[in-house]
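Whatever order the structure lists ligands and atoms in, that order sets their numbers, starting from 1. Atoms considered below: every heavy atom in the structure, side chains included; atoms not considered: hydrogens, waters and symmetry mates.
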Amino acid sequence: MLKNKKIVIGISGSIAAYKIPFLIRLLKKEGADIQVMMTPSATDFITPLTLSTLSDKPVIIDPFNPDTGEWNSHVDLGLWADLYLMAPLSANSMGKMAHGVADNFFLTAYLSAKCPVMYAPAMDRDMYLHPATQENIKMLQSYGNILIHPTEGELASGLCGEGRMEEPEGILNIIKSFFLSRSDFKGKTVLISAGPSYEAIDPVRFIGNHSSGKMGYSIAEEFAQRGARVILVSGPTNLDIRHPEIEKIGVFSAGEMFEHCMDIFPQCDIAVMTAAVADYTPEQVHERKIKKKDDHISLALRATRDILEAMGKAKKKEQFLVGFALETDNELAHAKSKLQKKNLDLIVMNSLNDPGAGFQHDTNQVTIIDRNANVYEYPQKSKREVAKDVLDKIKEALDK
Ligand code: CTP
């Protein structure tokens with residue numbers, strides 16, 4: 001079941017490190033490819049020799065390997081892996097991960113991860129219950145990392161309570177069901193629009209908007225991680241996306257986005273339109289820079305074509321269409337009317353009145369509405385978490 005799955009196991013300084021050799025045996029039996037990395041203090045609890053023997057690979061501890069003279073690339077490791085498992089995760093390393101500290105290989109590799117990250121805290125009960133630890137656990141979750149809850153039981157300190165790392169068999173089951181759910185869009189081709197559109201006024205200026213593209217890119221990554229082939233049509237953004245199943249097509253204007261999306265849509269099973277597309281574009285694009293002359297200047301604008309609406313008209317029965325609606329007033333009513341007008345299967349609404357929702361933020365707060373006017377409200381979450389919720393709702397609707 002885990003055949004050829006590439007798993008990085010990051011071990012930090014906790015006595016629960018003694019359980020990891022058993023976990024490696026179980027994962028290898030399932031066909032997984034394992035790369036172990038350790039913090040320097042983890043080597044006090046278990047030897048790299050044991051771990052490299054079981055995993056069939058040298059263990060990485062330092063960025064620089066003095067024996068071979070080679071540099072261990074944390075970036076390459078982040079690109080290689082299908083999953084990072086930070087287990088056991090000590091209170092110290094967890095605090096550093098939560099705050100972006102990068103003073104060893106283990107931490108730089110964590111910051112470079114392009115794949116999902118699971119973390120299994122392991123520590124003494126009182127350390128675990130400290131508000132700082134609890135805050136760090138929440139912070140890591142808010143970045144989209146997956147918590148493997150510690151269990152209750154006897155601890156190495158002699159105390160009894162919460163803080164014990166999940167047993168190897170339990171972790172194996174969590175990893176297996178994770179990969180099972182991660183392939184729930186296998187065989188599907190998905191079109192995603194993202195970012196703003198830039199409507200040229202002259203060779204220097206344009207009409208744009210504040211969209212960062214983060215929501216659309218998070219959805220693209222989530223689909224790819226869950227097995228889909230993704231075509232991402234993106235307006236100009238500062239974002240980078242690297243996944244073998246994601247093909248990115250960069251565009252500038254609403255017109256270009258329309259042409260590409262309509263071209264691609266017939267071969268897609270699902271389309272999710274997150275782009276903030278200009279509704280109007282300058283009637284005329286000046287060939288030369290407009291020079292400053294008068295006190296007033298008028299720009300004539302004409303309406304652009306609505307991509308989502310055109311897709312709603314062209315949509316076949318088996319295709320699934322999702323729109324986004326960013327509203328400032330009368331939010332629910334506007335979103336519901338867009339769902340009807342554009343013949344959508346789902347609409348994801350966010351309001352600029354909610355703090356931490358909408359443009360530029362790393363978080364979003366959404367309400368999802370389906371064709372039967374069911375309304376699902378979600379609390380504020382990271383955009384990666386929101387992407388998961390959107391995909392789960394799509395899956396639920398497709399399975400009905
Ligand atoms: N959309 C699109 N093409 C356009 C305009 C909008 O594909 N030319 C899509 C957006 O990507 C989004 C949805 O339509 O998924 C709603 O966009 P929004 O700007 O909120 O709605 P409009 O229909 O443009 O209505 P208004 O601007 O009046 O709120």
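Contact annotation for atom 14 (O) of ligand 1: protein present (non-hydrogen atoms, distance under 4.0 Å).
Of the possible polar contacts, one joining the Thr304 side chain to the Asp279 backbone as a donor-acceptor pair under 3.5 Å is found. Judged purely by atom type and a 3.5 angstrom limit, Asp269 uses its side chain to pair as donor or acceptor with the backbone of Thr189. Not a single donor-acceptor pair under 3.5 Å links the side chain of Ser12 to the backbone N or O of Met38. In this structure, the side chain of Arg205 does not engage the main chain of Ala200 through any donor-acceptor pair within 3.5 Å.
Here Lys342 has side-chain heavy atoms under 4.0 Å from ligand 1, and that is the only part of it that gets that close. At a 4.0 Å heavy-atom cut-off, ligand 1 touches Asp306 through backbone and side chain alike. Contact annotation for His334 and ligand 1: no heavy atom of the residue comes within less than 4.0 Å of the ligand.
The side chain to side chain donor-acceptor pair (under 3.5 Å) test with Asp345 singles out one residue from Lys393, Lys315, Gln319, and that residue is Lys315. For the side chain to side chain donor-acceptor pair (under 3.5 Å) criterion with Tyr217, the lone passing option out of Arg384, Lys248, Lys383 is Lys248.
Ligand-side atoms of ligand 1 in range of Gly323: 15 (O), range being under 4.0 angstrom from any heavy atom. Every atom of ligand 1 with a heavy atom of Met273 under 4.0 Å away is listed here by number and element: 11 (O), 12 (C), 15 (O). Using a 4.0 Å cut-off to heavy atoms of Thr304, the atoms of ligand 1 that qualify are 8 (N). The distance from ligand 1 to the heavy atoms of Ala275 drops below 4.0 Å at these ligand atoms: 10 (C), 11 (O). Within ligand 1, counting atoms from 1 as listed, the ones closer than 4.0 Å to a heavy atom of Arg305 are 8 (N).
By the 6.0 Å contact criterion, OH on Tyr280 is open, its count of non-hydrogen atoms from other residues, nucleotides or ligands being 12 or less. More than 12 heavy atoms of other shown residues, nucleotides or ligands fall within 6.0 angstrom of atom CG in Asp399.
Note on ligand 1: Met311 sits outside its first shell, no heavy atom being nearer than 4.0 Å.
At the top of the distance list for atom 18 (P) of ligand 1, counting protein heavy atoms only, stands Lys338 NZ, 3.6 Å. Among all non-hydrogen protein atoms, the one lying nearest atom 3 (N) of ligand 1 is Ile307 N, 3.0 Å. Among all non-hydrogen protein atoms, the one lying nearest atom 24 (O) of ligand 1 is Asp279 OD1, 3.0 Å. Annotation: atom 7 (O) of ligand 1 to nearest protein heavy atom, Leu308 N, 3.0 Å. The protein non-hydrogen atom at the shortest distance from atom 17 (O) of ligand 1 is Phe324 O, 3.7 Å.
The two atoms that bring Ser234 and Met257 nearest to each other are C-CE, 4.3 Å, heavy atoms only.
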Name each donor-acceptor pair under 3.5 Å that joins a side chain in residues 104-130 to protein atoms two or more places apart or in another chain, with its distance.
| residue | atom | partner | partner atom | Å |
| --- | --- | --- | --- | --- |
| Asn104 | OD1 | Phe106 | N | 3.2 |
| Asn104 | OD1 | Leu107 | N | 2.8 |
| Thr108 | OG1 | Asn104 | O | 3.4 |
| Thr108 | OG1 | Phe105 | O | 2.9 |
| Tyr110 | OH | Asn145 | ND2 | 2.9 |
| Ser112 | OG | Thr108 | O | 2.9 |
| Tyr119 | OH | Ile137 | O | 2.7 |
| Tyr119 | OH | Gln141 | N | 3.4 |
| Asp124 | OD1 | Ser157 | OG | 2.5 |
| Arg125 | NH1 | Cys160 | O | 3.3 |
| His130 | ND1 | Ala132 | N | 2.9 |

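Checking only distances, Thr274 never comes within under 3.5 Å of ligand 1, N or O to N or O. Residue Val277 places no N or O, backbone or side chain, under 3.5 Å from any N or O of ligand 1.
Residues Glu166 and His149 form no side-chain contact, since every pair of their non-hydrogen atoms from C-beta on lies 4.5 Å or further apart.
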